[in-house]
Protein chains: 2
Amino acid sequence: MAKVDRIRIYDVARIAGVSVATASKALNDTGRMTEATRTRVKQTAAALGFRPNAMARALTRQRSFTIGLLTNDTYGRFTLPVMAGINEALVDQGVSVFLCGIEDDATLAKVHVDAMLDKQVDGIIATGKRIDRRLPVDLADLPVPVVYAFTEGPADAVTLVSDDAQGARAATECLLALGRRRLVHVTGPEDFASVAARAAAFRQAAGSAAPVLFGAWSEAWGHEAVSRLWSEGPVPDAIFCGNDQIARGVVDALRERGVAVPADVSVVGFDNWEIVSAATRPPLTTVDMNLKELGREAGRLILELAEGKPVEPGIRTLPCKLVVRQSCGSKTLAAIQGEGTLQEV
Amino acid sequence: MAKVDRIRIYDVARIAGVSVATASKALNDTGRMTEATRTRVKQTAAALGFRPNAMARALTRQRSFTIGLLTNDTYGRFTLPVMAGINEALVDQGVSVFLCGIEDDATLAKVHVDAMLDKQVDGIIATGKRIDRRLPVDLADLPVPVVYAFTEGPADAVTLVSDDAQGARAATECLLALGRRRLVHVTGPEDFASVAARAAAFRQAAGSAAPVLFGAWSEAWGHEAVSRLWSEGPVPDAIFCGNDQIARGVVDALRERGVAVPADVSVVGFDNWEIVSAATRPPLTTVDMNLKELGREAGRLILELAEGKPVEPGIRTLPCKLVVRQSCGSKTLAAIQGEGTLQEV
């Protein structure tokens, strides 16, 4: 590819000191701007050797260089990493991401979707707080492409989710590789699809008789589970938790019982929510869902759809990675070295 | 006010099944839409008795019913409550809020601000993660109004912040009202304006000799501060912390030393970040900055500015409220009843 081919409209815009949309309009002789601006953009494009081909020009003409992001995730715990990833994928194309928080409010959702369409966004990415619930608004028949990331979409949509089963398997296999044999899984509410997928993968790796305790997504449930396990027995030598808050409760409860983590019991969490996982004593080994990468991929796909390229519909699962800190045991790094999904911190 | 006067363009839009912008264009005979749509909107407006006066029509004509929200708060901890408040203030007006996350990246900020201007937002609200730092983009000479909320703005701007001094005073006075006499303040880095304001208010209420320990915004610092206080003495009977993470570390460290909270030592946090404050054992009494109300106020002000109404520039401080849980002591409710800023949970 010749060098001039790699000059993008974004480069022209940046050097001419205008937005991408303005640059696009200037080059297409559309839009309203001063003649001085239009001339400057054209001269910049000429100086850089910017030569969009006919198809690119046709597409550019219709694009607003804006993507809408809808979410009902009030705490932003899942959505903000996704948005950061989308930004990373799109900023070099001069594309902006507009996030609208709709909570679980259908009226708010309708107002925001209408506003996005009025602003002629090139596409909408829907995201949320769980993969088995839909947002309170129907996006199926919009005039712009839609990608679903970390929320449920229609069967014929383009949907991105993290691979819960693979993540749970990586955590369980890490505990087995450390020599742990009495594994327990302490997790969230049974009606979450991700809870079922992680529990099934845990049992597949740890044995079908390995106990799974369902409860709440809270530290308090971690405390209660330890209390139940240690009063009923037999006591485990490894606890894989469904999220980091449960793991934090488990680690605190074990310390208060005089059970050493990781010497006596290894603990692994899920989410790598750093505010929890890094503050736990000892810091948590945990499964990271790679939400930023999920966002990058959603950004790439929505752009392809906006440019009219064919994208295969269906559910794409992206791998999780195990982030190793201290709660699983000091021998961990040696024991699981060479594992592809490992990230040492 | 007669009832018909209270019919808003939003009601017309909702009932006609179009966006507010489309309804506005239909009634103003501008924009592109099918004749059927334009007729339906006009008939709906007539049926409802919607009669915008001449000034409102003139203003409506120019408005996009969209507000841009810029933030560099990666975790969304401060921004998401602010956004929820803006949404609450604006959704009934049919106005949408578009959030752009810019981290601390000037390029990303420029791309997003340009995109917002291209989309002709009616105004921009800037927000962030601390009140004494500016966003990495100059918003001073934009063609649309700007309101700064929980981030630093120019001297002549409209800026909203929470009242750190009043919040710290409420916490300190609560501890004094409980009969505590040996108060200590354990807080964040000394170079934060909010840290200085809270520390000064603490000393004003607790006495100029009351110790203030500066450190990090972390649980680990809470642990270290307790270790230092209990090894150097004299030990306090009340600890007011600069945020909830420090308070969480303090409470955990005290429990592990066998010091009872709140029986022996009262603890109060700051932020009311529920993921931390509600999970602490015992749950934290803490100062809530009312960020949602700050967002509502920012929404109201940006709308007034967008409508061309005069808004006095300068810094507006909004009161914090003390949220009482269990970490400050059982006598609290009786002791401070009647206090206006109190919220019992």
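These numbers were taken from a predicted model, which means no experiment stands behind them. Residue numbers begin at 1 in each chain, while the letters A, B, ... track the order of the sequences.
- At a 4.5 Å heavy-atom cutoff, the contact between A/V95 and chain B is made by backbone atoms alone.
- Heavy atoms of A/T74 lying under 4.5 Å from chain B belong exclusively to its backbone.
- The two residues A/S64 and B/K119 come nearest to each other via the heavy atoms O-NZ, 3.3 Å.
- In this structure, chain A has no heavy atom under 4.5 Å from any part of B/V113.
- Note: A/R248 leads A/K110, A/R248, A/K25, A/E219 in heavy-atom pairs under 4.5 Å with chain B.
- Inter-residue side-chain proximity for A/L80 and B/L80 is flagged as met; some heavy-atom pair is nearer than 4.5 Å.
- If you measure heavy-atom distances from B/A220 to chain A, you find no contacts under 4.5 Å at all.
- The shortest distance between side-chain heavy atoms of A/V111 and B/Y10 falls below 4.5 Å.
- Of the residues considered (A/E256, A/E103, A/M83), A/E256 shows the highest number of contacts with chain B, using heavy-atom pairs under 4.5 Å.
- For a residue to count as touching a neighbouring chain, one of its non-hydrogen atoms must lie under 4.5 Å from one of that chain's; by this rule A/A84 touches chain B with backbone and side chain alike.
- For the set A/D114, A/V276, A/L99, the entry with the most heavy-atom pairs within less than 4.5 Å of chain B is A/L99.
- With chain B as partner, the option from A/G76, A/G68, A/C100, A/S218 having the largest number of non-hydrogen pairs under 4.5 angstrom is A/C100.
- Residue contact with chain B, scored on non-hydrogen atoms closer than 4.5 Å, involves the side chain of A/D252 exclusively.
- The distance from atom CD of A/E88 to atom CG of B/D105, rounded to the nearest 0.5 Å, is 9.5 Å.
- In this structure, the portion of A/W273 lying under 4.5 Å from any heavy atom of chain B is its side chain and not its backbone.
- Heavy-atom pairs under 4.5 Å with chain B were tallied for A/M116, A/H223, A/R14, A/R255; the largest tally goes to A/H223.
- Ranked by heavy-atom pairs shorter than 4.5 Å toward chain B, the options A/T22, A/V20, A/I275 are led by A/I275.
- Side chain of A/N87 to backbone of B/L108: no donor-acceptor contact under 3.5 angstrom is found.
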